[in-house]
Enquirer: 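Shown below is the structure under consideration.
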Amino acid sequence: MIGRILTIGLNTFREAIRNKILYSLLFFAVLVIVGSLAFGALSVHEEVRLTTDLGLAGMSLFSILIAIFVGVNLVYKELERKTIYSLIPKPIHRYQFVVGKFLGMVLTLGVQVAIMGAVLQLVLLLQDAELSGALYRMMALIFLEVIVVTAVAVLFSSFSTPFLSGLFTLGIFLIGRSVPDLRRISRKLKSPAAALLLDGVARVVPNLRLFYATGSDAGGGHVTVHGLFPDWSYVASAGGYALLCVAIALMLASLFFSRRDFI
Amino acid sequence: MSRPVLVVERLAKTYAVGFLRKKVHAVVDVSLSVEPGEIFGLLGPNGAGKTTTLKVLMGLVRPSAGRVELLGQPVGSLEAKRRLGYLPESPYFYDYLTGRELLVFMAKLFGLPRREARRRADALLEQVGLAQAADLALRRYSKGMLQRVGVAQALVNDPELVILDEPMTGLDPLGRKDLRELIASLRQAGKTVLLSSHILSDVELLADRVAILVRGRSVDVGPLPELLDARTLSTELVLTGASAELLAAIAELGHTVRRSGDRVQVTVTGSDAPDALVDLCRKHGASIAEVAPRKESLEDVVVKRVRAEGEQRERAEAAR
Ligand SMILES: Nc1ncnc2c1ncn2[C@@H]1O[C@H](COP(=O)(O)OP(=O)(O)O)[C@@H](O)[C@H]1O
Ligand SMILES: [Mg+2]
């Protein structure tokens, strides 16, 4: 059972690494991270700080965009090219297809995040910066967020067109990043109906702010990679939260997938 | 009689198309059953519902009505899926894989270990004549090569039941011959084959029994000789050295005459032997180059059925 999921996952990974578009996206991301070096150099005293912030932001943004692209595309292509016609009649369950595809994407994105992370480290070393453990914990959190966004993209593309799926996923990402703000605003709203609605949205959408911890109030007080930053136990609990989100998204995706006609 | 390998009973499938959910009746009423070890042909013009019927069998689309059973299991059962192979219509596969990689991937989905999967892939590539193209990306395959690799992936698990949707399309005459031989060898090996086609001659040579589909209905199911009228419909004679006098006499008898150069083709309708005509020719000193009785072909049956179906519909519409 696991074997078939892995077979599909590894094939998805192979598809991704043989895809030229992904290389150009990765190249662009690396360019931005290296570019943050130039920006860092502009600020005379704070160069490491600025490079780190810009580099992490660029890394997060690009890997999220690639996650949406990959998540939407790799499912849609199976349907559009009708490669799924010869897959469904093989002895696999449809959920195995969904989970296998997802794992292949996660592997692909893991490699991409690792490459971006390595480039950022290199850039920082060039500036004689001291690499802190906080930096690695932040990178791990970025990867966790990427995983959640990928699962959301797979969920949408299990029933929608790639364009709409991409749009919806981007929307969920933007709302997810603002969940704490939504909660705050909903408490201040005068209309109880509007407050309830906003609070409801904040509860349904995954709280992605938990993952982009630097510069936020994660784990109590204000934290940043340059000073106080949550430890690995925070990363672990964020991982648990990510796992929960992924499980829910993939369960729904499998449900939609098992009900649809492949026409 | 042993238990059928495949049963389709009163199957219907209606698609809802587009924003307005317009209904398209792809399959209206199809019933057939396939016995173990036979080659069964699904015949019908384009749009008759062959592909849709096979897609229901493969669990790709869900039926709107009717009952379907495969290898004694309901559609979608893993147990049945392990024992069957399927070639989709105009197949397309992961184009970033090579032929060998595709077959290894498919074999692994059946749980074959890597080494065995490779061995199986190489044997199949050899069998369908793609050994040379084993390491070529599928993106570079021609239509006929894709069809061949499609047949190979349908056989990767050495299935008991092989379902092929229009397997001959895209193949050149040599490829068709190869595939016919391959299908015949499957029968030799005791497999059951269900294949669809709109080209009747492809099936005519192979199938033990056929179902004829017209507009979503199975209008005829049975062994070919039973579906075809055994009587001679007409006889064609080719004459040489016919005089004008003779041609006039033949025309008087009411036969159709066509000439090309020295050769004259005469069609005698009906099932009787054309003795009178032969005598006439002898008398006029013409020689008879060819005599060919023409029996009902599958084409005739389908054309007849399509026409009858159309007339029935017109009558029904007129009655309304
Ligand atoms: N996905 C689909 N959506 C809507 N109509 C379809 C779809 N697939 C097939 N049809 C229609 O159903 C009918 C039967 O099609 P099909 O099963 O492909 O026939 P065949 O394989 O015998 O040529 C055709 O009229 C076709 O237009
Ligand atoms: Mg068809």
Side-chain angles (χ1 to χ4, degrees), chain A residues 1-23 70 73-101 103-104 108 159-161 164 254-263, chain B residues 13 15-17 24 26 51-52 54-64 70 75-98 101-102 104-114 117 137-139 149-150 153-154 156-157 159 163 165:
Chain A
M1 188 193 94
I2 296 289
R4 282 165 203 177
I5 294 178
L6 288 184
T7 300
I8 291 173
L10 287 175
N11 188 48
T12 305
F13 179 64
R14 186 153 51 174
E15 170 171 13
I17 59 174
R18 290 183 185 178
N19 184 333
K20 291 194 186 72
I21 299 175
L22 273 185
Y23 285 103
V70 165
N73 251 284
L74 294 193
V75 172
Y76 175 70
K77 256 201 199 151
E78 293 264 2
L79 305 174
E80 192 223 18
R81 301 242 171 120
K82 305 189 171 173
T83 47
I84 199 159
Y85 283 11
S86 49
L87 216 55
I88 295 291
K90 299 289 182 284
I92 53 169
H93 291 289
R94 291 196 186 179
Y95 81 84
Q96 291 175 314
F97 171 78
V98 172
V99 175
K101 275 266 147 227
L103 287 182
T108 308
F159 63 85
S160 179
T161 64
L164 285 181
S254 300
L255 191 72
F256 289 133
F257 227 70
S258 63
R259 289 164 164 269
R260 70 180 288 170
D261 276 355
F262 296 108
I263 57 174
Chain B
K13 175 66 189 180
Y15 289 115
V17 181
V24 175
T51 297
T52 305
L54 297 185
K55 276 184 169 180
V56 171
L57 286 170
M58 290 302 104
L60 287 166
V61 301
R62 297 195 299 173
S64 310
L70 274 162
V75 164
S77 106
L78 288 203
E79 165 64 18
K81 283 177 169 187
R82 261 184 221 110
R83 293 154 58 198
L84 60 85
Y86 170 61
L87 168 73
E89 182 176 31
S90 327
Y92 196 82
F93 303 102
Y94 302 112
D95 58 8
Y96 52 89
L97 296 181
T98 66
E101 284 171 340
L102 177 80
V104 169
F105 168 69
M106 294 299 192
K108 283 166 106 186
L109 288 181
F110 283 100
L112 260 66
R114 172 145 202 101
L138 294 176
R139 176 176 333 116
V149 85
Q153 65 83 37
V156 80
N157 54 327
I163 296 184
D165 196 355

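Keep in mind that what you see is a predicted model, and the values were worked out from it rather than measured.
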Enquirer: Side chain, backbone, both or neither: which part of B/P91 has a heavy atom under 4.5 Å from chain A?
Expert: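 No part of B/P91 comes within 4.5 Å of chain A.
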Enquirer: Would you check if B/K55 and B/Y86 make a side-chain contact, meaning some heavy-atom pair closer than 4.5 Å?
Expert: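 Yes, close enough: below the 4.5 Å cut-off.
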Enquirer: With side chains defined as the heavy atoms from C-beta onward, is the minimum distance between B/L109 and A/I8 less than 4.5 Å?
Expert: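 Yes, close enough: below the 4.5 Å cut-off.
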Enquirer: Can you say whether A/E78 sits under 4.5 Å from chain B via the side chain, the backbone, both, or neither, judging by heavy atoms?
Expert: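 For A/E78, the contact with chain B is made by the side chain alone.
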Enquirer: Measure the shortest side-chain to side-chain distance between A/Y85 and B/F93 over non-hydrogen atoms and say whether it is less than 4.5 angstrom.
Expert: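 In short, these two side chains do not touch, never coming nearer than 4.5 Å.
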Enquirer: Given a strict heavy-atom distance threshold of 4.5 Å, which part of A/R4 is in contact with chain B: side chain, backbone, both, or neither?
Expert: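 Backbone plus side chain of A/R4, per the 4.5 Å heavy-atom cut-off to chain B.
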Enquirer: Could you have a look at A/H93, A/R260, A/R14, A/E15 and say which one has the most heavy-atom pairs with chain B under 4.5 angstrom?
Expert: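 Looking at each of A/H93, A/R260, A/R14, A/E15 in turn, A/E15 comes out on top.
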Enquirer: So, applying ring pair (Phe, Tyr, Trp, His ring centres under 6.0 Å) with A/F257, which one of A/F159, A/F262, A/Y95 is it?
Expert: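 Exactly one option meets the ring pair (Phe, Tyr, Trp, His ring centres under 6.0 Å) with A/F257, and it is A/F262.
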Enquirer: Counting only N and O atoms by type, is there a donor-acceptor contact under 3.5 Å from the side chain of B/K81 to the main-chain atoms of A/I92?
Expert: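 Checked: pair present.
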Enquirer: Contact part of B/N157 toward chain A, heavy-atom cut-off under 4.5 Å: side chain, backbone, both or neither?
Expert: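 For B/N157, no heavy atom lies under 4.5 Å from chain A.
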Enquirer: Counting heavy-atom pairs under 4.5 Å to chain A, which of B/R82, B/K108, B/E101 comes out on top?
Expert: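 Option with the greatest count: B/E101.
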Enquirer: Please check if atom CZ in A/R259 has more than 12 non-hydrogen atoms from other residues, nucleotides or ligands closer than 6.0 Å.
Expert: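 No, the 6.0 Å shell around CZ holds no more than 12 heavy atoms from other groups.
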Enquirer: Just give me the residue among A/K77, A/R94, A/K82 that pairs up with chain B most often, heavy atom to heavy atom, under 4.5 Å.
Expert: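 Looking at each option in turn, the highest pair count goes to A/R94.
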Enquirer: By a 4.5 Å heavy-atom criterion (distance strictly below it), what part of B/L87 contacts chain A: side chain, backbone, both, or neither?
Expert: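 Answer is neither: B/L87 stays 4.5 Å or more from chain A.
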Enquirer: Give the member of B/L97, B/D95, B/L84 that has the highest number of heavy-atom pairs under 4.5 Å with chain A.
Expert: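 Among B/L97, B/D95, B/L84, the one with the most close pairs to chain A is B/L97.
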Enquirer: Quick one: do A/Q96 and A/K90 satisfy side chain to side chain donor-acceptor pair (under 3.5 Å)? Show the steps, please.
Expert: CA-CA 11 Å; A/Q96 291 175 314; A/K90 299 289 182 284; over 6 Å; no
